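Below: one structure, written as structure tokens.
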Amino acid sequence: MLVMPRLALLSALLALPTAAIAQSASPPSAAQPAGFSHAGVARDAMRYEAWLKANIKPAARKARETRIAAEKVLAAGADA
């Protein structure tokens with residue numbers, strides 16, 4: 001019968017592309033660069049973090065209190 005040779009041919013044809021893809025494909029980590037570092041960017045980041053710490057102070061009231069106050073303003077329609 002011709003079933004076995006056709007089946008063998010079909011499996012060989014299906015195995016060829018997957019073998020070629022497996023050989024040419026590199027692991028995903030190999031495609032990623034090791035990392036980015038730049039002295040100027042690092043200095044900018046340090047300056048920005050120092051500015052944030054100096055100029056942005058946490059609110060004295062809790063988040064729950066702020067949310068309740070915002071809901072009151074929105075309910076009154078005075079937000080526009």
Side-chain angles (χ1 to χ4, degrees):
M1 296 232 3
L2 294 174
V3 173
M4 289 305 273
R6 287 184 183 170
L7 186 58
L9 177 64
L10 180 62
S11 64
L13 290 175
L14 290 175
L16 284 176
T18 56
I21 291 171
Q23 288 176 355
S24 67
S26 61
S29 62
Q32 298 295 323
F36 175 80
S37 63
H38 187 274
V41 173
R43 283 192 306 269
D44 287 345
M46 290 173 58
R47 272 199 331 260
Y48 179 66
E49 288 177 5
W51 182 86
L52 284 175
K53 287 178 184 176
N55 295 308
I56 306 295
K57 303 294 181 200
R61 51 184 177 169
K62 297 182 189 278
R64 182 176 185 272
E65 296 168 352
T66 305
R67 182 181 49 83
I68 290 171
E71 287 173 355
K72 287 180 183 177
V73 169
L74 289 173
D79 62 325

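As the structure is a computational prediction, the values presented were derived from the model and not from experiment.
In this structure, NZ in Lys57 is found 10.5 Å from CG in Leu52, a value given to the nearest 0.5 Å.
Hydrophobic clustering (side-chain heavy atoms under 4.5 Å, transitive across Ile, Leu, Val, Met, Phe, Trp, Tyr) groups Tyr48 together with Ile56.
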Next on the checklist: If you apply the rule side chain to side chain contact (heavy atoms under 4.5 Å, CB included), what do you find for Arg67 with Arg64, and how did you get there?
Outcome noted: CA-CA 5 Å; Arg67 182 181 49 83; Arg64 182 176 185 272; 4.0 Å; yes
